[in-house]
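Everything on this sheet refers to the single structure shown next.
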Amino acid sequence: MPLGLRGKKKNKTKEVSSKLVESEEVDNRTAGSSTAKDAANANGAAGLPPPPVSLRPKLVFHTQLAHGSPTGRIEGFTNVKELYAKIAEAFQITPEEILFCTLNTHKIDMDKLLGGQIGLEDFIFAHIKGSKKEVEVLKSDDALGLTITDNGAGIAFIKRIKDDSIIDKVKVISVGDHIESINGKNIVGSRHYEVAKMLKELEKGQTFTLKLIEPLKAFEMIEPRSRGGKASEGKISSGRETLRLRSKGPATVEEMPTAFEEKAIKKVDDLLESYMGIRDIELAATMVEAGRDKKNPDEFAVALDEALGDFAFPDEFVFDVWGAIGDAKQGRF
């Protein structure tokens, strides 16, 4: 990292979190922001212990299977894997059958993809595995023209297909397809950046084989394939307050991202696509959070190593992200 600071670490601060609780049911649509504020204040008040579990509010979310199902009610999850387990329990399926979730739409809309935040009034639609397909692709150019993301639980899938790219010309491949294997190598459990790296390293001029699983669709949902939304479209969430799901640590109830944070997050997400071929709003949000109060790129680099050391981001990327955060702070977007 810059100036050789990769090995220096700062003591991590403990997060003050707002835990989901188990008590009598409170519907978010009627409890709304008061539920979130009570939960946040109960855990954030200095010097005061949290109230007993039986007295804390409970966050309840409504969910359906995207291809059609009755409405279920889920609660008590603190990360994406637990969320999928709750959805699976509600509909008597296995968590591994869930490819991804969208918020407030049953369509395969990548602008509405559930990331690390859920608005307290958001409706969750789960897209589950449908038909399998196998396709051979000739890598006639260095760039395949697709962007990869993952669901946070071991499922990588296609988030965007670039116009007139190699993948765009293979009409059987669609946005939302889960990549199960590449040239016979099972990649279930791999992170999006690992899958993007595998695809990038495939030899130009050679044919490779993809095994894909498309999301299950209801008959009325079958329509021409989508190339994915534009990066500038859509909001991070749709409520005044959101439930922030974290890969490490408990979920927290937080205010909606500020205008600065939202612009910075979108720009960093663009940089992730440019440098690594992935899109990940939660990863981008974590990077913006790490750089919010840092005074220089070296401090920012150390913070990234502490929070996201597994990624081993190149220095050029770190400086560009630092610049994007600074531009957002100064309102230059």
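Heavy atoms only: backbone and side chains are in, while hydrogens, waters and symmetry mates are out.
- Between Lys169 and Asp164 there is no salt bridge, since none of the side-chain N atoms of the basic residue sits less than 4.0 Å from a carboxylate O of the acidic one.
- Residues forming a salt bridge (Lys or Arg N to Asp or Glu O under 4.0 Å) with Lys139 (at least two apart in sequence, or on another chain): none.
- Atoms CG and OG, from Leu212 and Ser181 in turn, are 8.0 Å apart once rounded to the nearest 0.5 Å.
- Residue pairs that meet the salt bridge (Lys or Arg N to Asp or Glu O under 4.0 Å) test with at least one member in residues 140-149, sequence neighbours left out, do not exist here.
- Note: Phe313 and Phe311 have parallel aromatic rings, judged against thresholds of 30 and 60 degrees for the angle between ring planes.
- Between the His62 side chain and the Ile124 main chain, no donor and acceptor come within less than 3.5 Å of each other.
- Residues satisfying the side chain to side chain contact (heavy atoms under 4.5 Å, CB included) test with Gln64, not counting sequence neighbours, are Ser69, Thr71, Phe123, Phe125.
- Considering only residues two or more places apart in sequence or on other chains, Asn151 meets the side-chain hydrogen bond (donor to acceptor under 3.5 Å, both in side chains) condition with none of them.
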Without placing hydrogens or testing angles, list every side-chain donor-acceptor pair under 3.5 Å for residues 87-100, not counting sequence neighbours.
{"from": "Thr94", "atom 1": "OG1", "to": "Glu97", "atom 2": "OE2", "distance (Å)": "3.2"}
{"from": "Glu97", "atom 1": "OE2", "to": "Thr94", "atom 2": "N", "distance (Å)": "3.0"}

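- Scored by the ring-ring contact (aromatic ring centres under 6.0 Å, His included) test, Phe208 finds no partners at all (sequence neighbours excluded).
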Enumerate donor-acceptor pairs with a distance under 3.5 Å from any side-chain N or O in residues 184-200 to protein atoms, sequence neighbours excluded.
{"from": "Asn186", "atom 1": "OD1", "to": "Val188", "atom 2": "N", "distance (Å)": "2.8"}
{"from": "Ser190", "atom 1": "OG", "to": "Ile187", "atom 2": "O", "distance (Å)": "3.1"}
{"from": "Arg191", "atom 1": "NE", "to": "Asp150", "atom 2": "OD2", "distance (Å)": "2.7"}
{"from": "Arg191", "atom 1": "NH2", "to": "Asp150", "atom 2": "OD2", "distance (Å)": "3.3"}
{"from": "Arg191", "atom 1": "NH2", "to": "Asp280", "atom 2": "OD2", "distance (Å)": "3.4"}
{"from": "His192", "atom 1": "NE2", "to": "Asp280", "atom 2": "OD2", "distance (Å)": "2.6"}
{"from": "Glu194", "atom 1": "OE1", "to": "Arg191", "atom 2": "N", "distance (Å)": "2.7"}
{"from": "Lys197", "atom 1": "NZ", "to": "Glu201", "atom 2": "OE2", "distance (Å)": "2.6"}

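- Partners of Glu180 under the side-chain hydrogen bond (donor to acceptor under 3.5 Å, both in side chains) rule, at least two apart in sequence or in another chain, do not exist in this structure.
- Residue pairs meeting the side-chain hydrogen bond (donor to acceptor under 3.5 Å, both in side chains) criterion with at least one member in residues 203-215, sequence neighbours excluded: Lys133-Glu214.
- Here the shortest heavy-atom pairing between Ala290 and Leu304 reads CB-CD2, 4.2 Å.
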